[in-house]
Amino acid sequence: CPKHGQTIYERQPNYVSLAHSLPVLPVDAGQPKLTALFSILAVVPCTVDIATQEILKLAKEADPEGKRTMGVLTKPDLATERATQQAVLDLVNGNRNDLSLGYTVVKNRGADDHKSSLKQRHEAERLFFAGSPWNKIQNSGRVGIEALTKHLSRLLLDIAKHEFPN
């Protein structure tokens, strides 16, 4: 298990996986005590065998029950095989999911796209997920940057409510 404030990372070709635990902060007497609560955002490209990713193994060590780990699947446009696409659909739908916070899939700009605006990026993502097979999960609340933003905001709010109940 990681110690508080310890960063766990693994460098893989073309990306770095990162999980960081938040340290327990000292507080004055009479104030709520912060716990060692931390969340893990496990970012995994759809182009690899998700089950064998080291970041998920590290997250499992730090969060055996999967209650504080959220999966983010990237590069769905590069997942061209039907079996890979179905695996992503199953994860997003919760059919093959050991993370209680679930998985969200996002499609970012390509590496060569330096000119599109944020609005154009959002529209391109929306259009991508409107196509097959992604349209099957388009209304799941687990697709796109906007959905990820909502889930992370809700998670942060839930942590704040838990740590500061009054």
Side-chain angles (χ1 to χ4, degrees), residues 2 7-21 37-159 161:
T7 300
I8 304 170
Y9 66 92
E10 180 195 1
R11 182 170 294 279
Q12 295 285 336
N14 303 323
Y15 70 95
V16 174
S17 300
L18 175 68
H20 183 72
S21 65
L37 183 66
F38 64 92
S39 295
I40 301 169
L41 193 61
V43 181
V44 180
C46 294
T47 57
V48 299
D49 181 5
I50 294 162
T52 63
Q53 291 306 293
E54 188 67 20
I55 187 63
L56 293 174
K57 292 175 186 174
L58 293 170
K60 184 99 172 149
E61 285 179 29
D63 181 22
E65 295 176 17
K67 293 185 178 196
R68 297 181 307 251
T69 305
M70 179 185 292
V72 179
L73 304 169
T74 64
K75 303 180 183 179
D77 51 317
L78 300 181
T80 56
E81 296 178 0
R82 275 196 199 141
T84 304
Q85 292 171 347
Q86 189 58 51
V88 171
L89 296 175
D90 287 346
L91 285 170
V92 171
N93 283 326
N95 299 336
R96 294 175 43 186
N97 190 354
D98 56 352
L99 304 178
S100 64
L101 297 178
Y103 285 85
T104 301
V105 61
V106 299
K107 182 197 174 296
N108 288 311
R109 294 181 248 215
D112 295 332
D113 182 1
H114 302 289
K115 296 183 181 180
S116 65
S117 68
L118 195 55
K119 184 177 179 180
Q120 290 168 325
R121 177 248 166 271
H122 288 323
E123 181 62 12
E125 181 183 56
R126 188 190 67 74
L127 289 172
F128 174 79
F129 286 120
S132 182
W134 312 110
N135 57 346
K136 295 175 186 173
I137 58 170
Q138 188 177 21
N139 297 319
S140 67
R142 293 278 182 186
V143 174
I145 291 292
E146 289 183 26
L148 179 60
T149 301
K150 285 179 186 176
H151 283 282
L152 291 175
S153 296
R154 195 171 317 131
L155 177 62
L156 184 57
L157 183 61
D158 290 346
I159 290 171
K161 284 180 180 178

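Note: hydrogens, waters and symmetry copies are ignored here, and every other heavy atom, side chains too, is used.
Rounded to the nearest 0.5 angstrom, Leu99 CG and Leu56 CG are separated by 6.5 Å. Rounded to the nearest 0.5 angstrom, Leu73 CG and Thr47 OG1 are separated by 10.5 Å. Taken from CE in Met70 to CG in Leu152, the straight-line distance is 5.0 Å, to the nearest 0.5 Å. Note: Arg82 CZ to Gln85 CD = 8.0 Å, rounded to the nearest 0.5 Å. Rounded to the nearest 0.5 angstrom, Leu101 CG and Asp63 CG are separated by 8.0 Å. Separation of atoms CG (Leu78) and NZ (Lys107) is listed at 8.5 Å; rounding is to 0.5 Å.
Residues Arg142 and Ile137 form no side-chain contact, since every pair of their non-hydrogen atoms from C-beta on lies 4.5 Å or further apart. Between Gln86 and Asp90 the shortest side-chain heavy-atom distance falls below 4.5 Å. Side-chain atoms of Phe128 and Asp77, non-hydrogen and from C-beta on, do get closer than 4.5 Å to each other. Val105 has its side chain within reach of Cys46: a pair of non-hydrogen atoms, C-beta onward, lies under 4.5 Å apart. Between Tyr103 and Val44 there is no side-chain heavy-atom pair separated by less than 4.5 Å. A 4.5 Å side-chain heavy-atom check between Lys150 and Arg154 finds at least one atom pair inside the cut-off.
Taking 4.0 Å as the cut-off between side-chain N and carboxylate O, Arg121 and Glu125 count as a salt-bridged pair.
Considering all non-hydrogen atoms of both residues, Ile40 and Ala62 come closest at CD1-CB, 3.9 Å. The two residues Ser140 and Val92 have their closest heavy-atom pair at OG-CG1, 3.8 Å. Smallest separation of non-hydrogen atoms from Phe129 and Gly144: CE1-N, 4.2 Å. The minimum heavy-atom distance between Val143 and Thr104, with the atom names listed, is N-CG2, 4.2 Å.
More than 12 heavy atoms of other residues, nucleotides or ligands sit less than 6.0 Å from atom CD of Gln120.
A donor-acceptor pair is defined here as one N or O able to donate and one able to accept, closer than 3.5 Å; such a pair exists between the side chain of Asn93 and the backbone of Leu89. Judged by distance alone, with hydrogens and angles left aside, the side-chain atoms of Ser100 form a donor-acceptor pair with the main-chain N or O of Gly66 at under 3.5 Å. One N or O on the side chain of His151 and one on the backbone of Gly141 form a donor-acceptor pair closer than 3.5 Å.
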Is there a side-chain contact (heavy atoms from CB on, under 4.5 Å) between Asp113 and Asn108 once you walk through the steps?
CA-CA 10 Å; Asp113 182 1; Asn108 288 311; over 6 Å; no
